[in-house]
Structure formats: structure tokens, C-alpha cells
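Have a look at the structure below before the remarks.
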Amino acid sequence: MERQIQKPTPISGFPEWLPAEKLVEQRFLDRIRATYEAYGFTPIETAAVERAEVLTSKGGMEKEIYALSRLAAGEGEESETGLALHFDLTVPTARYVALNYGQLTFPFRRYQIQKVWRGERPQAGRFREFYQCDIDVIGDGQLSIVTDAEIPAIIYDLFRELAIGDFVIRISNRKILSGYLAHLGCAEDAVNGVLGTIDKIEKIGADKVRSEIEASGALSAEALDKVMALIATRRSNEELISHLYSVSGNERFTTGVDELAEVVEAVAALGVPDSHLEIDLTIVRGLDYYTGTIYETRLVDHPEIGSICSGGRYDDLASHFIDKPLPGVGISIGLTRLLSSLFKAGVVSASAQSPAPVLVTTLEREQTGEYLKLARYLREGGIKTEVFLEPKKLGQQLKYADKKGFRFALIAGGSEFEAGTVKLKNLVTGQEQTVAVGQMVHVLHQKLAQE
RNA sequence: GUGGCUGUAGCUCAGUCGGUUAGAGCACCAGAUUGUGGAUCUGGGGGUCGUGGGUUCAAGUCCCAUCAGCCACCCCA
């Protein structure tokens with residue numbers, strides 16, 4: 001019988017991390033969860049699929065949505081299921097909140113860490129399957145503007161904890177520019193187009209932004225000058241806010257400035273230093289469903305990575321599903337993109353292939369029970385431990401430990417068993433130390449804490 | 001979705017003007033005297049050259065198709 005071997009190929013855009021990388025991802029996920037919960041957010045999870053019409057209710061994303069169908073259907077049966085994989089977590093959340101409106105308590109604070117799928121053409125940093133780590137606060141009819149200040153505080157706490165280098169949270173309020181544009185005579189239906197152009201300023205430069213807006217004819221030459229002057233001038237947060245108060249605009253503009261000023265003040269009260277929060281009127285976020293505060297975060301030393309998390313305030317989460325205004329504010333971390341960028345940039349390295357720091361080596365087959373017992377003591381003492389079970393020479397066992405990134409090898413043979421001791425070998429420094437079995441948990445805890 | 005580039009070992013790639021049994025580095029496996037890893041040395045396994053067709057005495061090499069991958073745009077996390 002001939003065996004057909006199918007060549008295993010990766011599927012582009014569907015990343016599968018190696019163990020060392022997956023361990024880093026788990027560590028990140030743990031910290032993201034812990035930080036979200038520290039601010040009182042509660043986890044929810046929604047189905048991987050939604051009814052197709054639910055996903056398309058916002059419009060525009062059809063081409064990116066993977067639909068579900070059965071490979072084969074019986075006579076007269078429909079192979080289409082009418083279901084499709086969710087492409088973000090916002091639409092499912094809206095549906096979930098509307099569905100469970102009566103059972104949820106508002107303001108509803110939820111976090112949601114799930115995979116999403118998009119039928120895009122993949123390339124570096126762009127995936128077809130990836131994790132989003134969302135938090136949102138959703139109010140029933142109203143939601144304090146101070147909530148908008150909690151989001152940067154959470155981001156600040158989290159990225160400091162993740163230790164992936166210096167970062168800056170950029171913040172703005174959509175009402176400011178859109179109000180200003182309207183005030184300067186830009187037609188309402190042209191405002192989003194102009195904002196979209198301004199959003200590209202980092203990529204294409206101020207000159208091209210100007211000529212693109214000019215070409216669109218949305219603004220008079222005089223108005224364009226004013227807009228460019230406002231967005232292109234660098235100012236400190238304090239200077240910019242006082243400058244904005246001196247600029248004349250319409251009511252929307254003024255509301256935006258008031259909101260931004262209040263948020264920035266509250267962010268400071270939450271302990272985020274000025275150095276990590278930057279008001280930047282050029283960030284607008286492509287999605288026009290944001291209506292107020294908007295955020296982006298980037299790494300200072302790696303601007304090429306782009307925004308590592310972004311979000312904002314919206315007036316109404318679930319108008320498609322429920323006849324009640326549900327304003328909210330939230331943010332999403334694209335964990336898969338973040339990690340792949342960090343690996344590529346060398347900001348984090350994935351080296352350890354085992355979550356356990358200790359490998360118990362085995363020298364004598366007839367003492368297997370003793371080795372297993374040693375491992376049990378270590379685990380009972382809270383130390384993750386693996387036992388090497390294959391009949392190989394010590395040298396090969398240490399090589400295995402080295403490759404998998406264990407930090408300590410525990411070595412014991414005849415003489416150690418007789419004396420009731422074990423040898424602890426530090427695999428980084430090569431140093432060895434003999435300790436009594438009763439002391440080994442204590443000693444290891446000390447040594448691991450030192451690193 | 002639009003445009004460009006590339007497919008040779010697990011990975012990164014070399015392979016001349018078409019010419020004999022297709023190469024390197026890394027990785028992997030084994031060994032270099034009894035219970036000590038990362039280095040070095042020696043040896044070893046592994047490829048129907050993405051797939052299908054065509055041209056030719058002869059194709060990894062040229063042509064066509066197809067599939068896959070990468071990059072840019074678009075969109076965004």
C-alpha cells in the first residue's frame with residue numbers, strides 16, 4: 001500500500017506560532033486580561049459566527065467577510081448556512097448588548113479577547129486570522145466623558161507592564177476638526193473625506209494632504225490654509241488646548257475642545273505622565289462611526305510598526321439592533337500584528353520553549369520513582385517542572401535542556417540519593433550547587449526571583 | 001479587490017550559454033572512553049527542482065497555463 005504524503009503548507013495570513021512564540025503570546029494575554037480586570041472590566045465571549053446580515057448591517061465590509069457553507073449538500077438542500085465569521089468584535093458586541101439589554105447592568109464594562117477573520121490579501125503585519133483584545137464601556141443613554149480618560153490610563157498601565165519600550169498615546173477628538181471644517185464652509189458630506197485625507201499626513205506628508213484636499217474642492221483656499229495651520233503646527237498639550245480656545249469655531253468644535261480638555265485633565269489625574277500622552281489633531285481614525293475622543297498608540301523607537309492599539313468614543317453602539325441610544329468608548333489591541341511586529345523588530349525575543357524553569361534529569365533507570373517524586377515536590381512548591389524520561393546520556397539531557405531554554409537542571413544519582421541531596425545546575429552560568437532535598441524548593445524560589 | 005516580483009532540502013539560498021549521479025550554510029541524527037549542555041571536529045539522513053503541459057537529442061535552466069508565496073496600493077488591528 002502506498003502512502004500518499006500531502007505536503008504540509010502554511011496558509012498565508014493564518015499565523016501559527018512556534019512554541020517559544022506562543023509562550024510569549026500567552027504571557028501577553030495574561031497581562032492584558034489582568035490589566036483589563038484591574039479596571040473592573042468583565043470578560044465576555046461571542047460566537048465565532050454571526051448571521052451574515054448582522055455583519056453586513058454596517059455596510060462596506062462585504063468583500064472581507066468569510067461566509068460559512070457546507071462542502072456538500074443533499075438534493076434540494078442549501079449548502080449555504082447564512083452564517084459568516086466575524087471580522088471584528090464591535091458588531092458582535094452590539095448584537096450581544098442589544099440581545100441581553102435587560103440582563104446587563106450599565107455602564108456595561110466588558111473586555112473581549114477573541115480571534116477575528118478578514119478575507120484580505122495578507123502581507124507582513126496583515127493577517128486573515130488574528131486576535132483582537134477589546135475593551136469597551138457602554139452606557140445606557142449617557143456615559144460620562146471621564147470614562148474616555150480611563151482608556152489611555154489602561155493602555156499606559158498595560159504597555160508599561162509589557163515592557164516593550166517607550167510609547168506614546170495620541171489622542172484627539174473628532175468633533176474638533178469636523179466642527180472646524182464645517183465652520184469653514186466644508187459641506188457635511190465632504191467632511192469625512194477631508195478627515196480621511198488628513199489621516200494620511202504621516203504617510204504622504206502635509207504637502208500632499210494639502211494638494212489632495214485642494215483637488216477635492218471641499219474647502220476654499222483660505223479655509224485650507226487655516227486647517228493646515230491648525231494641524232501642522234506642533235504644540236505642547238497645554239499650549240494646544242489654550243490655542244484651541246482662542247480659535248473661533250462652531251458649537252461642535254467648542255464641544256470637542258471642552259471634551260478634550262476634560263479628558264486630558266482626567267488622564268493626568270489617573271497617573272499617566274504628560275510625556276506619554278500627546279494631543280494630535282491629525283489622527284482621525286478611518287471608521288466614521290467614532291464621534292468624539294479617538295486614540296492611537298505607537299512605539300517611540302519603532303514608528304514603522306504604526307498604531308499598536310486604537311479606538312475611540314461612539315454615540316450609538318447598537319442602533320441597528322435596539323431602539324435605545326447606547327453610547328460607548330473603547331479600544332482594541334491587534335495582538336497578532338503587535339507580536340509579529342515585535343518579533344520582527346527584535347523588541348521581544350522568543351527563546352524559551354518551555355514554561356517550566358526546571359528540568360529534572362534522570363541518571364539511573366531504577367531510581368525513576370525518586371526522580372518523579374522530586375518533580376512532585378517541586379510542583380507542590382509552586383515550581384513548574386519537567387522530568388526527562390528518555391534513556392539518554394546526561395550530556396544529551398543537558399543539551400535538550402539548553403535547547404528548550406530551561407534555567408535549571410536538577411541532577412541526582414547514587415551519591416546524592418545517599419546523602420539526601422540534589423545538584424542544581426544553573427544552565428545560564430554553568431554553576432552547580434548541592435542542596436538538601438528539603439531545601440531545594442526554597443533555594444530555587446530564591447534563585448528564580450533573582451533573575 | 002488592483003498592480004509588480006518570486007517558487008530548488010525543514011529554513012536561507014547557489015546552480016554559468018539548456019548538457020552526466022542537483023550543491024552550500026544553518027537545522028536535524030550519531031560519534032569523539034563510564035554523571036555535565038552551549039564551542040570544535042568527524043560521519044550520516046534528507047530534494048521526482050510548486051503543479052500540469054509544450055519546445056528540444058537533452059529542461060532546475062526556455063515558453064504557456066495553473067497554484068502558492070512575497071511586496072505595493074486599498075483597507076485596517
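A note on names: the letters A, B, ... follow the listed sequences, proteins ahead of strands, and every chain is numbered from 1. No experiment lies behind these values; they were computed from the predicted model shown.
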Next on the checklist: Expressed as a whole number of angstroms, how long is the span from F127(A):CZ to G69(B):P?
Outcome noted: 14 Å
Item to check | N-O pairing of R234(A) and E278(A) below 4.0 Å | outcome: yes
Next on the checklist: At 4.0 Å (heavy atoms only), tell me whether E296(A) reaches a base, stays on the sugar-phosphate, or touches nothing.
Outcome noted: nothing
Checklist entry - With both distances under 3.5 Å as the test, what is the Watson-Crick or G-U wobble partner of G35(B)? => result none
Next on the checklist: What contact category does G413(A) fall into here, base, sugar-phosphate, or nothing, at under 4.0 angstrom with non-hydrogen atoms?
Outcome noted: base
Checklist entry - Does a distance-only test, which skips hydrogens and angles, find a donor-acceptor pair under 3.5 Å between the side chain of E416(A) and the base of G35(B)? => result yes
Item to check | Atom-pair distance (CZ on F14(A); P on A68(B)), nearest Å | outcome: 13 Å
Checklist entry - Which base sits across from G46(B) as a Watson-Crick or G-U pair, both distances under 3.5 Å? => result none
Item to check | Side chain of F130(A) - closest among G37(B), A77(B), U36(B) | outcome: A77(B)
Next on the checklist: Output the rounded distance in Å from CZ (R128(A)) to P (A68(B)).
Outcome noted: 9 Å
Next on the checklist: Which nucleotide, if any, forms a Watson-Crick or G-U wobble pair with G1(B), using both distances under 3.5 Å?
Outcome noted: C73(B)
Item to check | Salt bridge R376(A)-E380(A), side-chain N to carboxylate O under 4.0 Å | outcome: yes
Next on the checklist: Using a 4.0 Å heavy-atom cut-off, does I411(A) contact any base of the nucleic acid, only the sugar-phosphate backbone, or nothing at all?
Outcome noted: base
Item to check | G53(B) and G43(B), which share atom name C1', separated by this distance in whole Å | outcome: 43 Å
Checklist entry - Hey, are D207(A) and R210(A) close enough for a salt bridge, meaning a charged N less than 4.0 Å from a carboxylate O? => result no
Checklist outcome for this item: Taken to the nearest whole Å, CD/E386(A) to C1'/G37(B) is 15 Å
Next on the checklist: Can you check the distance between C62(B) and U55(B), where both ends of the measurement are the C1' atom (answer in whole Å)?
Outcome noted: 8 Å
Checklist entry - Is it true that R128(A) and E120(A) make a salt bridge, defined as a side-chain N closer than 4.0 Å to a carboxylate O? => result no
Checklist entry - Please give, in whole Å, the distance from G38(B) C1' to L427(A) CG? => result 10 Å
Checklist entry - Between R313(A) and E259(A), does at least one N-O distance fall below 4.0 Å, as a salt bridge requires? => result no
Next on the checklist: Looking at every non-hydrogen atom in both residues, tell me the closest pair between N237(A) and L277(A) and how far apart they are.
Outcome noted: ND2-O, 2.8 Å
Next on the checklist: Using a 4.0 Å heavy-atom cut-off, does Y131(A) contact any base of the nucleic acid, only the sugar-phosphate backbone, or nothing at all?
Outcome noted: nothing
Checklist outcome for this item: Closest non-hydrogen contact found for L326(A) with I138(A) is CB-CG2, 3.9 Å
Item to check | Rounded interatomic separation in angstrom, taking CD from E120(A) and C1' from C74(B) | outcome: 9 Å
Checklist entry - On a whole-Å scale, what distance lies between the P atoms belonging to U2(B) and C13(B)? => result 28 Å
Checklist entry - Mind checking who U12(B) pairs with, Watson-Crick or G-U wobble, both distances under 3.5 Å? => result A24(B)
Checklist outcome for this item: 5' to 3', nucleotides 25-34 of chain B under a 4.0 Å protein heavy-atom cut-off (B base, S sugar-phosphate only, - none) gives ---S-SSS--
Checklist entry - Any N or O donor-acceptor pair linking the side chain of R126(A) to the base of C75(B) at under 3.5 Å? => result yes
Checklist entry - Is E161(A) salt-bridged to R27(A), cutoff N-O under 4.0 Å? => result no
Item to check | Heavy-atom donor-acceptor pair, R337(A) side-chain to C76(B) base, under 3.5 Å | outcome: yes
Checklist entry - Does any N or O donor sit under 3.5 Å from an N or O acceptor when you compare the side chain of S415(A) with the base of G35(B)? => result yes
Next on the checklist: With rounding to the closest Å, how many angstrom separate the C1' atoms on G60(B) and G7(B)?
Outcome noted: 11 Å
Item to check | Whole-angstrom distance between U66(B) and C29(B), as gauged at atom P | outcome: 43 Å
Checklist entry - If we only count heavy atoms from C-beta on, is the V97(A) to F108(A) side-chain gap below 4.5 Å? => result yes
Next on the checklist: Strictly by Watson-Crick or wobble contacts shorter than 3.5 Å, is anything paired with U51(B), and which nucleotide is it?
Outcome noted: A65(B)
Item to check | Donor-acceptor pair under 3.5 Å, E432(A) side chain vs U36(B) base | outcome: yes
Next on the checklist: Roughly how many Å apart are A14(B) and U61(B), using the P atom of each and rounding to a whole number?
Outcome noted: 16 Å
Checklist entry - Mapping P122(A) and G334(A) to their closest nucleotides on RNA chain B, which lands nearer the 5' end? => result P122(A)
Next on the checklist: If you assign each of K200(A) and S332(A) to its closest nucleotide in RNA chain B, which residue comes earlier from the 5' end?
Outcome noted: K200(A)
Next on the checklist: Check this for me, if you would: do E188(A) and R252(A) make a salt bridge, where the nitrogen-to-carboxylate-oxygen distance has to be below 4.0 angstrom?
Outcome noted: yes
Checklist outcome for this item: Atom CG of D88(A) and atom P of C76(B) are separated, to the nearest Å, by 12 Å
Item to check | Whole-Å P distance, C5(B) and C63(B) | outcome: 13 Å
Item to check | Spacing of the C1' atoms in G18(B) and G37(B) (rounded, Å) | outcome: 50 Å
Checklist entry - If you look at every strand shown and take non-hydrogen atoms under 4.0 Å, does S310(A) touch a base, only sugar-phosphate, or nothing? => result sugar-phosphate
Checklist entry - Can you check the N426(A) CG to G38(B) C1' distance for me, whole Å? => result 13 Å
